[in-house]
Every structure is written in structure tokens, then in C-alpha cells.
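Order of the sequence lines fixes the chain letters, A, B, ..., with proteins taken first and strands second; residue numbering starts at 1 for each chain. FYI, side chains are in, hydrogens and waters are out, and symmetry mates aren't considered; it's all heavy atoms of this structure.
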Number of protein chains: 2
Amino acid sequence: MSDRASVRDVAAAAGVSVGSVSRVLNASGYASPALRQRVLQAVEQLGYEPDFTARHLRTGRSRTIGYLLPNIANPALAAHLSEVERLTQAAGYSLLVGSSERPARDRELVAFFENRRLEGLIASPSFEYPDPAESPFSKTALPVVVVERDLGDAFDSVLMDHAGGLRQAMHYLLTLGHRRIALFVSGANLAPGREKLRGYREALAAAGLPFDPGLVFMPESWLESSRDCMARLLERPAPPTALIALGTQMLSGALHVVRGKGLEVPRDFSIVGIGTTETLELMYPPATALRYDYHRSAQVAVQLIMDRIARAAGPPRRVILDWDLVIGGSCGPAPGR
Amino acid sequence: MSDRASVRDVAAAAGVSVGSVSRVLNASGYASPALRQRVLQAVEQLGYEPDFTARHLRTGRSRTIGYLLPNIANPALAAHLSEVERLTQAAGYSLLVGSSERPARDRELVAFFENRRLEGLIASPSFEYPDPAESPFSKTALPVVVVERDLGDAFDSVLMDHAGGLRQAMHYLLTLGHRRIALFVSGANLAPGREKLRGYREALAAAGLPFDPGLVFMPESWLESSRDCMARLLERPAPPTALIALGTQMLSGALHVVRGKGLEVPRDFSIVGIGTTETLELMYPPATALRYDYHRSAQVAVQLIMDRIARAAGPPRRVILDWDLVIGGSCGPAPGR
DNA sequence: TTGTATGCGTTATCAG
DNA sequence: CTGATAACGCATACAA
């Protein structure tokens, strides 16, 4: 009773041929009710289940997709990954995860996924290849869906409208009378960061305000603390009265400094967070924030990859999702107004 | 140039047999330098790479392990998963993730992993089977390493010493003069929660203090907010002066209420957090906390599963890791002392 | 030292 | 409608 039963065992037990077993189980071709009955019974009795690997080898379908991302520990990515996993499982697929923070590793992983004959790949690499043709993703036959990266329009992609989100947040703060608004976001080298900066600048321009690079803190890593930068900003003769910040290290670090200075939120200083509900809940008071709908993004990503797997043809699709500005208690009128 | 090359193509190109190609590539058996040379050249030229699936089918080694966990979005689990992924990749293995929050799904996933012939399984199920023999993990031939769960001593396991950690935290607060200390942790039904409660009670007993169940809030989910409970506690004639709380929703919710009451941390109220450094960084002031060393836990888990894969024999090993109590700025002497 | 042949567990294509 | 049998791509025991 140690080894698993194979088709042959089932065939023997049912007194039929292996072909018939396969036909019954896959509902391919016809089988008489009597034969069908005997096969099913033998299957039941032996607890037979077709071996996934052998089936994969034969059919060429691995029923597995890969997810390439920089770092699973990043809360926003973990949330997204979590949803993707749920949805892929629901669709009868498995999820192989691979983390990479270097182009060389990106290449390795893609080659690896390819070698394992995955059916598709969801990718959110840590490096945004300036020349799309140079990216490992354009050299593979694997269907690829790009998440939150700009790798040209040769790929299906799902992105948040970061620029639009920032315009919303800025509009809100500007309406409250703020004129010096700091921006702390990570990823100067990636689309989410770049686009946020663009939205920020556009909102300033639309309001006829100058752009002050000194108010922007944009390190590469999401783990970076913004304490020093915030401290310097508050030393200025005309310090910012509001901040828009990514809701993990960026936001908390800044918050510590603001409060350490004796400033009270939202009376003396206003804050708009950016992130998942879960992360932002940790703030006190509950932040007014651009809420990242990772649930929706994951849903679109899985939909796109499944569509692409089902029928490879068709032009690339680019889905852009809006941000929700959720009003909390961390913003007030600009001081002295 | 569409399809991939197979051993046969390589053999043909090199003018040798498929057996020789395989032998050269796997360094099994001998091959003359000349033949070796020709094979390698053909491999290079065709960009040949042995198909993983076919190799798996033939050798029986899938070089893949599974990770079963309740929810990837839980920051502590995501951090652990992230480390496990890094380490398994480094060991030449892939990681298949599956999330499950119900016993039925646990069973499905185990069956699925088994069917895919994974070589091992790291499991941290959401349900702690009271009768170990009834768990899906005891019915599988797969090597299993259990993380943060008590599923009996038939499995390799890696656990944190939750009771010991809580004794440390309690000792610290008791030394500061606190006598009414609240405890907010999740998972009454799982080892981490149960053990924390045990440590809490042991510390009380050792100090000759009575156990007040009213001071303990222990919901099942880590997402639960503790606001209402905290609010009620502060209404009591003799409210708690300190709190030990899990560093996500539990902690932040309580903190909101404490501050909403006009109490200042750590002057009027002391707090010890429990969680990862990243999560606890979000607090202000930086919390004194039991820091979860997920890096170490992941390392041990991967080590155990790899050992078990290499040689299945040997008695189960149980590794228990200590907590670090990191002193921050969220604790002070008990008020009125 | 190298080539040949068999089988891993399936599915699919044939005859019958 | 059903039963042999080939083939997926590889590794390996055995023969040469």
C-alpha cells in the first residue's frame, strides 16, 4: 500500500485497457455505461489520481503560472500576491513564486520558469528595462502580464493611475489651503514612483504653484526611512504644512519626526498616506489616504493571463486602475488660515 | 527556431547517442574528452536545457517544495514566506505556495502537493488538529515541517518560545511597577496564542498576582480590531496601566483608543508590541517589543526540510527559538509610583 | 568508452 | 465502442 496506483493498476483492477481508463476520466471519446461504471469503481477503490507530472509531460500543459516580484515581504506586494494566489488556485492553477531584485536574477527566473514550462508569468520586476527589447520578458515565448511596471506596450499590463491618484490627493490638500506639500515615495526608477511625481507636478502646475525639488524625497527602496529628510524640512524657514507619503517606512518615519517636533496631526500638519487599508490602519489618527485596491489589480492580472493562455492571439491590453482617496482624520486646513 | 531542442537534437548535432549526451550533462558514467567536447559544443549551439518535467518524471525528483499557510497578506507570514523562498531558491528548489483557511482546503492542498510529487512541505495551517492522527499532514508520505503550530511530536517543527517571550515582557513590565497588564493577541485556538497566554499567566503566578480574564483579549483573527475592548478596559475603576499586544491591528486599535482618552505613551500608559521590526517601526514612539526573528525561523524550517529530504530517517526534531525583547520608548514606570 | 533499449505515467492515435 | 501501442523528454541498466 506504499506506492500510488497508476492507470495500469486501475485498468487491471477494472479488467479494461489503459486507454479506456483515460477516456472515462477525461471524458474524451465514448465509453459504455457498463465500462464506465467498472472504471469509476476501480478508481474509487484504489484511490487513483492521475499523476500531474506525467500528464504535463504528455499534454504540454503545466497548469502553473509564475509570479516574479522583487520582495514578498513588501506588504503591498504580499497583499497582491495573496490575491493572485487565491484566484489562480480557484482557476485550477498553481502558483510558483520567485523573487528577484536584479536583472541577472530576472533572467535566471524567466529561463527557469520557461524550462518548467509554466503557462504564464505575472511579472513586476525590480528593474524597469529602458529598452524593452532588452528585457528578459520580451525574449520569452511565455505569456507575460506586467504589473505596475512600464515595459512598453508589447505586454499585457495592469497599472494604477498613480499620476491621477496624486492629482486627487494634491487637489484635496490644495483645497484645504496647503501650499507647501512634501512628497515621500519610493522607487524613483520605477513607474509607480515616476508617475506619482508627474501627478504631483501636474497638480502644482495646474494650481500655478512652483515645483520645489527640496520637498520631494524619493529613495529607491520602500524600506528607507524618511526621518532625516523630514527633520531637515521642518528646520526650513517655511516648512511644509502637509505631506503625501507611502504608507510604510516613509510615512511612519516622517510621522515620528513631526510629532517629535511637537506638531499635532491634523491641527499643525496634514498627512495623506498611500497604501493598503491594512497598513494605513496602523496610523493614528486613521489616515486620509490613497487606498491601493490590490484586490482589483490582482483580479485583472489573473484575468489577463488566463485570457492570454486560452487564446494567445490579440493585441496587448493595458488596464489602468483608479485610486480611491479615502478621507480619514489626518488632514486639516493649512495652519494660519 | 520555435521549439526547444531535446536530447535527441543535441545527439544528432554532436553525432553521438542520446545516452552519451545525458551522461556528459549529468557527469554520470565516463565520457572521453573528445566526445565530451562535441556534446558541450552542440549544447551550447542549440541552447539546450534538459526539460524539468521530463527529468522529474524519470528521476522522481521534482525539486520543489510547498508552503501551506493561512494568508499571505499577514505581514508576519509574508516575511517568513519571503525568507523561505529565498533560501529554497538558493538550494536549487522552487516554491509552490498554497493558502488555506479551512481543514477541507488543507486536505485538498496536501493531496495536490502530493499529486505534484513535491519533495517536501512546510506547513502552518490555520487549524490545529486536536487529534494529530486526523490531520492531513500525518496521512501523507511527504516530509513535513510544521511552523508555529503544535501538531504533536511526529513532525519536525520550528516554533517560537511564546511562553518564554511573554514571561520576559511581563517581567519587564512588572519590574516597572505595573500590576494590571492587558494582553491582546490573536489565535486563541493556535499554539502561538495559547502559549503566549500560558507565559502571561505563569509570569503573574510567579509574581503572586491574580489572573484577571477581563484583561485578556484573544480573538481568532489577526485582523480583529481591539478598539472596543480597550475602550471598555479604560472605563474600569482600576484600568490597566500597560498592554502587551500583537503588532498589527491589535496594537494600533488599542493605541488609538488610549490616545483618544488623552493618555500619553509612555507617561500614562505602557505598551509592549509583538511582531516584526518592520511592522513595529510604524508605531510612535518606537515600541518596546518582542521581535519576531522570522529570518531565523525560516532558516531553520528550510534546513529541517532539506535534511529530511536528503535522508528521511531519524526522529522528528523540534526547534524552539527565543524572542528578543527590544527596548524602545513605549514603556515607563507605572503611573503613581 | 559508447550505443541501444526500456520505462517513468499519461494521453492520443490508431486499428479492430 | 474498446484495446493495443506510440510518444512526450529524459535517465539508466545493459550490451557492445
Stepwise, does the side-chain contact (heavy atoms from CB on, under 4.5 Å) test hold for A:Leu95 with A:Leu81?
CA-CA 10 Å; A:Leu95 189 68; A:Leu81 173 63; 3.7 Å; yes
With side-chain contact (heavy atoms from CB on, under 4.5 Å) as the test, would you mind laying out the steps for B:Arg116 and B:Thr64 before giving the verdict?
CA-CA 9 Å; B:Arg116 287 219 154 181; B:Thr64 306; over 6 Å; no
Does the pair A:Tyr67 and A:Leu96 meet the rule for a side-chain contact (heavy atoms from CB on, under 4.5 Å), with working shown?
CA-CA 6 Å; A:Tyr67 196 142; A:Leu96 213 53; over 6 Å; no
Derivation of the side-chain contact (heavy atoms from CB on, under 4.5 Å) call for A:Arg61 and A:Ile309
CA-CA 10 Å; A:Arg61 306 211 53 185; A:Ile309 289 170; 3.6 Å; yes
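Note: B:Phe52 and A:Phe112 have perpendicular aromatic rings, judged against thresholds of 30 and 60 degrees for the angle between ring planes.
Taking side-chain N and O atoms only, A:Tyr48 has a distance below 4.0 Å to OP1 or OP2 of C:dT10.
Remark on the helix from C:dT1-D:dA16 to C:dG16-D:dC1: inter-end axis angle 50°, axes from five-pair C1' superpositions, rounded to 10°.
Taking the side chain of A:Arg23 as heavy atoms from C-beta on, and the options D:dC10, C:dT2, D:dG3, the nearest nucleotide is D:dG3.
Using a cut-off of 4.0 Å between Lys/Arg side-chain N and Asp/Glu carboxylate O, A:Asp9 and A:Arg4 are scored as not salt-bridged. Looking at B:Asp51 and A:Arg117, a side-chain N of the basic residue comes within less than 4.0 Å of a carboxylate O on the acidic one, giving a salt bridge. With salt bridges taken as basic N to acidic carboxylate O contacts below 4.0 Å, one links B:Asp156 and B:Arg308. Salt bridge absent: A:Asp153 and A:Arg317 never bring a charged side-chain N and a carboxylate O closer than 4.0 Å.
Taking a 4.0 Å limit (strictly below) on heavy-atom distances, residues 107-117 of chain A does not reach DNA chain D anywhere. Near DNA chain C, defined here as any heavy-atom distance below 4.0 Å, the residues from residues 51-63 of chain A are A:Asp51, A:Ala54, A:Arg55, A:Arg58, A:Thr59, listed numerically. Proximity of residues 5-21 of chain A to DNA chain C (heavy atom under 4.0 angstrom from any strand atom) is restricted to A:Ser6, A:Val7, A:Arg8, A:Gly19.
Distance, B:Arg38 CZ to C:dT2 C1': 11 Å, rounded to whole Å. Atom pair A:Tyr30:OH and C:dT13:C1' shows a separation of 18 Å (rounding to whole Å applied). The CG-C1' distance, from A:Asn26 to D:dC1, rounds to 17 Å in whole Å.
Under the ring-ring contact (aromatic ring centres under 6.0 Å, His included) criterion, B:Tyr48 pairs with no residue, sequence neighbours left out. Evaluation of the ring-ring contact (aromatic ring centres under 6.0 Å, His included) rule for B:Tyr93 yields no partner, not counting sequence neighbours.
Between A:Val84 and A:Ile122 there is a side-chain heavy-atom pair separated by less than 4.5 Å.
B:Ser138 and B:Ala133 get closest at one heavy-atom pair: OG-O, 3.3 Å.
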